[in-house]
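Let me begin by presenting the structure, written as structure tokens, before commenting on it.
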Amino acid sequence: MNINTSNNHDNGEQDQKGVSKKRYMPLLLINYTCLFLGSVSSSLLSKYYFNHKGSNKWVSTWVQSAGFPFLLLPVFLPYYLFQCTQRKPFTRFTPRILSLSIFIGLMLGLNNLLFSWGNSYLPVSTSALLLSSQLVFNLILSAIMVKQKITFTNLNCVILLTLSSILLALGSNHDKPQDLTPTKYMIGFVATIGAGLLFALYLPIMEMIYKKVYCYAMMIEMQLVMELSATILASVGMVWDGGFTEMRKESKEVFDKGEGVYWVTMITNVVTWQLCFMGTAGTVFLTCSLTGGICMTALLGLNVLGGVLVYREDFGGVKIVSTVMCGWGFCSYVYGMYVNNHMMKLLDDHKRNINPSIEMAQPQPHSDLHLGLGV
């Protein structure tokens, strides 16, 4: 009786692992796509907002997290409408996880504010230069907090992407605003450095917490709580600073494309920022914090191409070299991941050939279990 129960349990684990492996790559590709579309689109829309006389930093902060209601769809629809999962929403969502989600959400809201503050004062070149430093911080913090191994592949990628961002910044030094005072420059400088450090800290903290998370659906629920907390923080700031009133005034009297275009810009910016953050969270959950940081930094190069295609910006020699280095660094990291995964697969196959029961005897890593909707 016990043997049969044990066998059934092992078979269930094997079935779960098989389902998870089938879902892993589609989930990863979906999150990469969300990160790509969200990052590039939100960057272009934010630039569009500021190009047409938008300037409210609280509005820019609020739109970065206000799209959290969209996360209600993947949280509740699979169980209540499609009935494709047996896991009820927020199952195993303990008070500790709730507290951590709220805390990290407030940290994310502060990061959004610092980013908007720096973006409203600094030229694009200086902002890109300062934000590029987050990848170095991310590598160091990941090595300390989650024991990320520093290899030639990831170190080479970090160096190339950082140099690419520096070249990008130096090649865009003509965009300094005329009314940039020393005080505003210092405020923007400190705010942008703070945003880079907070984001570099945010990624490994999320990786540490995700190791305790039961399934992919639970990660989405945590992201919902985090985005809600960040939105509450931004909304309090909006009310305190008269932001909601300023939005109506800005749409009618300041934004030079008209009120209708203003609100379309706001709504699409809300959606794209949500895609960006959801893609980042999913990438960290399915891979690691360093991969999330590398993807975000690599997208700086694509943002440059987006600016060239959409806004007809100059694409000189420095930007070309920067973009090539960005692509080179990212491709080298992806190739390193491929080689590592291939070697691990060969090692697993070798172990199974020696001892066929070793797969069931060994505990499965977090990334191989419960990657679906918690079925």
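In what follows, residues are counted from 1 in the order of the sequence shown.
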>> I'd like to check F90 versus L224 (side-chain heavy atoms, cut-off strictly below 4.5 Å). Are they in contact?
In response: yes
> Are any of the side-chain nitrogens in E221 or R87 under 4.0 Å away from the carboxylate oxygens of its partner?
Replying inline: yes
> Are the side chain of Q64 and the backbone N or O of S60 linked by a donor-acceptor pair below 3.5 Å?
Replying inline: yes
> Yes or no on side chain to side chain contact (heavy atoms under 4.5 Å, CB included) for M266 and M247, after CA distance, side-chain angles and deciding distance?
Replying inline: CA-CA 10 Å; M266 290 295 103; M247 281 185 75; 4.2 Å; yes
>> I want to check something: taking the side chain as every heavy atom from C-beta on, are M226 and S229 in contact at a cut-off of under 4.5 Å?
In response: no
>> Do T192 and F115 have side chains that approach each other closer than 4.5 Å (heavy atoms only, starting at C-beta)?
In response: no
> Does the side chain of E207 pick up a donor-acceptor pair with the side chain of S289 at under 3.5 Å?
Replying inline: yes
> Of the non-hydrogen atoms in L141 and P204, which two are nearest, and what is the gap between them?
Replying inline: CB-CG, 4.1 Å
> Are any of the side-chain heavy atoms of Y202 and N111 separated by less than 4.5 Å?
Replying inline: no
>> Around atom CZ of F152, are there more than 12 heavy atoms from other residues, nucleotides or ligands closer than 6.0 Å?
In response: no
> Is a donor on one side and an acceptor on the other found under 3.5 Å between the side chain of N31 and the backbone of L27?
Replying inline: yes
> Would Y80 end up clustered with L73 when hydrophobic side chains under 4.5 Å apart are linked, directly or stepwise?
Replying inline: no
> Between T85 (side chain) and P78 (backbone), is there a donor-acceptor pair under 3.5 Å?
Replying inline: no
>> side chain to side chain contact (heavy atoms under 4.5 Å, CB included) for T272 and L45? Distances and angles first, verdict last.
In response: CA-CA 9 Å; T272 54; L45 286 168; 3.7 Å; yes
> Taking side chain as C-beta onward, heavy atoms only, is H52 less than 4.5 Å from V261?
Replying inline: no
>> Just verifying a value: how many Å separate L233 CG and S65 OG, rounded to the nearest 0.5 Å?
In response: 8.5 Å
> Hey, what do you get for CG (L160) to CG (L155), rounding to the nearest 0.5 Å?
Replying inline: 9.5 Å
> Would you call Y210 and I205 a side-chain contact if the rule is heavy atoms closer than 4.5 Å?
Replying inline: no
> For the residue pair L35 and C295, what are the closest heavy atoms and their distance?
Replying inline: CD2-CB, 3.5 Å
>> Would you compute the distance between atom CG of L275 and atom OG1 of T280 and round it to the nearest 0.5 angstrom?
In response: 10.5 Å
> Looking at side-chain heavy atoms only, is the closest gap between L203 and S142 below 4.5 Å?
Replying inline: no
> Can you name the closest pair of heavy atoms from S41 and L37 and give their distance?
Replying inline: OG-O, 2.7 Å
> What heavy-atom pair brings Q274 and E227 nearest, and what distance separates the two atoms?
Replying inline: OE1-CG, 3.7 Å
> Run the side chain to side chain contact (heavy atoms under 4.5 Å, CB included) check on M206 and F285 step by step: do they pass?
Replying inline: CA-CA 8 Å; M206 291 310 303; F285 177 79; over 6 Å; no
>> Rounded to the nearest 0.5 Å, what separates atom CG in L98 from atom CE in M222?
In response: 9.5 Å
> Any chain of hydrophobic side-chain contacts (each under 4.5 Å) joining I30 to Y216?
Replying inline: no
>> Is the ring pair W273/F277 parallel, tilted or perpendicular, if the boundaries are 30 and 60 degrees?
In response: parallel
> Are Y79 and C84 close enough, and set up right, to give a side chain to side chain contact (heavy atoms under 4.5 Å, CB included), and what steps lead you there?
Replying inline: CA-CA 6 Å; Y79 180 80; C84 59; over 6 Å; no
> Does the side chain of S235 come under 3.5 Å of the side chain of W62 through a donor N or O and an acceptor N or O?
Replying inline: yes
> Is the backbone of T287 close enough, under 3.5 Å, to the side chain of T291 for a donor and an acceptor to pair up by distance?
Replying inline: no
> How far does NZ of K252 sit from NZ of K249, to the nearest 0.5 angstrom?
Replying inline: 12.0 Å
>> If I compare all heavy atoms of S39 with all of C276, which pair ends up nearest, and what's the gap?
In response: N-CB, 3.8 Å
> Is there a path of hydrophobic side-chain contacts, each under 4.5 Å between heavy atoms of I, L, V, M, F, W or Y residues, that connects M218 with F76?
Replying inline: yes
> Are I220 and L72 grouped together when hydrophobic residues (ILVMFWY) are joined by side-chain heavy atoms under 4.5 angstrom apart?
Replying inline: yes
> What are the two closest heavy atoms between A281 and M219, and how far apart are they?
Replying inline: CB-SD, 3.9 Å
> Would you call the rings of Y262 and F255 parallel, tilted or perpendicular if under 30° counts as parallel and over 60° as perpendicular?
Replying inline: perpendicular
>> Under 3.5 Å, is there a donor on one side chain and an acceptor on the other for Y49 and N56?
In response: no
> How far does CG of L228 sit from CD of Q223, to the nearest 0.5 angstrom?
Replying inline: 11.5 Å
>> With clusters defined by side-chain heavy atoms of hydrophobic residues (ILVMFWY) lying less than 4.5 Å apart, directly or transitively, does I267 cluster with W58?
In response: no
